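Values in this document were obtained by computation on a predicted structure and should not be read as measured data. Just so we're on the same page: letters track the sequence lines, and every chain starts at 1.
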There are 2 protein chains.
Amino acid sequence: MEAMPYSRPALIALLRRHGIAPTHQRLEIAQVLFARCQHLSAEQILAQVNERHAETSKATVYNTLKLFCERGLVREVIVDPKRVFYDPNTSPHHHMYNIDSGEITDIPAESLSLNAMPELPEGMVTEGVDIIVRVRTPDAVGQGRLG
Amino acid sequence: MEAMPYSRPALIALLRRHGIAPTHQRLEIAQVLFARCQHLSAEQILAQVNERHAETSKATVYNTLKLFCERGLVREVIVDPKRVFYDPNTSPHHHMYNIDSGEITDIPAESLSLNAMPELPEGMVTEGVDIIVRVRTPDAVGQGRLG
DNA sequence: TTTCTGAATTAGACAAAGTCCAATCATTGA
DNA sequence: TCAATGATTGGACTTTGTCTAATTCAGAAA
Ligand SMILES: [Mn+2]
Ligand SMILES: [Mn+2]
Ligand SMILES: [Zn+2]
Ligand SMILES: [Zn+2]
């Protein structure tokens with residue numbers, strides 16, 4: 001795992017190390033992702049990046065997140081059919097998803113593992129194993145839908 | 001697991017057993033889902049139901065799939081950010097997802113299990129644990145994107 | 001410092017999946 | 001048979017994400 005890259009120079013170094021040219025927009029997006037290590041959707045990142053004054057377009061946010069994924073800076077988390085979340089933590093771990101609040105939290109890799117890997121069909125290769133623990137707040141059963 | 005419900009009377013009984021009024025449209029949709037026990041998206045179901053002659057609207061397909069989920073007749077499979085898949089197999093099992101072809105296949109519950117359940121935060125309740133094995137055909141790396 | 005060029009960014013049109021609503025229709029118990 | 005209750009419908013709408021052609025930028029070279 002990378003050292004905590006809060007400062008501009010550290011973020012620039014981080015992008016460069018991944019073969020990414022450090023433009024202003026990419027640094028803003030990296031800032032948002034790595035400052036607090038949360039799971040954010042593209043639209044949340046767009047909003048946070050443009051909080052003070054508009055400076056990054058929707059297209060660039062999507063382009064950049066795709067690039068960050070390809071270069072292994074972030075990873076996609078697919079738990080909610082409505083949107084993809086982006087995870088700045090690329091080390092192996094799993095997720096707990098609160099279906100009432102939409103909150104995603106990490107489960108350390110050590111605290112949960114499979115007792116067997118499935119045999120793959122001829123010529124297939126594992127890309128990754130996602131484990132998602134879906135949880136609920138029983139109080140919130142009937143209504144409490146958030147997004 | 002339910003006995004194979006191919007015939008109309010069997011499908012009607014199945015819906016009734018789950019507290020669902022067996023309308024023509026719901027029976028058509030159940031037919032499509034249970035005939036071949038596949039993982040289908042809403043749009044695929046809509047297309048199959050209206051293959052011979054149009055008889056079911058998009059709104060009804062979505063309404064019905066939601067109802068079937070609530071009543072435990074089918075379950076959602078969330079592996080592809082573009083669409084939800086519906087699984088007529090509600091017994092515990094996991095999934096293998098081919099990220100190149102989009103193909104989803106079942107992994108029997110027995111052949112894959114966790115060596116520990118994570119401790120849940122105060123007052124949370126597990127709704128389910130999804131394990132998704134993402135696989136790839138190495139030949140198809142650079143290009144072979146299908147949807 | 002200035003120039004140049006490929007790469008990056010952008011606005012806004014577009015697409016796909018899914019939701020919603022008010023009007024209409026069907027099922028079913030009486 | 002006949003309401004009344006529940007189900008279905010077309011189509012407008014929303015949200016998330018993609019695409020494109022025009023513009024701007026970063027940074028290497030001079
Ligand atoms: Mn038919
Ligand atoms: Mn979508
Ligand atoms: Zn995570
Ligand atoms: Zn399945």
Qualifying residue for side chain to side chain donor-acceptor pair (under 3.5 Å) with B:His95, from B:Asp130, B:Asp87, B:Thr105: B:Asp87
Taking [atom1] from [X] and [atom2] from [N], how many angstroms apart are they, rounded to a whole number?
{"X": "A:Glu70", "N": "C:dA8", "atom1": "CD", "atom2": "P", "value": "11 Å"}
{"X": "A:Phe85", "N": "D:dT16", "atom1": "CZ", "atom2": "P", "value": "10 Å"}
{"X": "B:Leu65", "N": "D:dT8", "atom1": "CG", "atom2": "P", "value": "12 Å"}
{"X": "B:Glu76", "N": "C:dA17", "atom1": "CD", "atom2": "P", "value": "15 Å"}
{"X": "A:Leu15", "N": "C:dA7", "atom1": "CG", "atom2": "P", "value": "18 Å"}
{"X": "A:Glu28", "N": "C:dA8", "atom1": "CD", "atom2": "P", "value": "18 Å"}

Under the rule for salt bridge (Lys or Arg N to Asp or Glu O under 4.0 Å), what residues qualify as partners of B:Arg8, not counting sequence neighbours? B:Glu28
Using a cut-off of 4.0 Å between protein heavy atoms and nucleotide atoms, how would you tag nucleotides 19-30 of chain C 5' to 3' with B, S and -? BB-------S--
Where do B:Val129 and A:Ile131 land on the side-chain contact (heavy atoms from CB on, under 4.5 Å) test, with the steps shown first? CA-CA 7 Å; B:Val129 178; A:Ile131 302 178; 3.9 Å; yes
Same cluster (ILVMFWY, side-chain, under 4.5 Å), B:Phe68 and B:Val84: yes
Can you find a pair of side-chain heavy atoms, one from B:Phe85 and one from B:Glu76, that are under 4.5 Å apart? no
Look at the side-chain N and O atoms of B:Arg83 and state whether any lies under 4.0 Å from the OP1 or OP2 oxygen of C:dG18. no
Whether the side chain of B:His53 engages the backbone of B:Glu51 through a donor-acceptor N/O pair (distance < 3.5 Å, no angle test) should be reported. no
Any chance the side chains of A:Arg75 and A:His93 put a donor and an acceptor closer than 3.5 Å? yes
Donor-acceptor side-chain pairing of B:Asp106 and B:His39 below 3.5 angstrom: yes
Would you jot down, in residue-number order, the residues of residues 39-54 of chain A having a non-hydrogen atom under 4.0 Å from DNA chain C? none
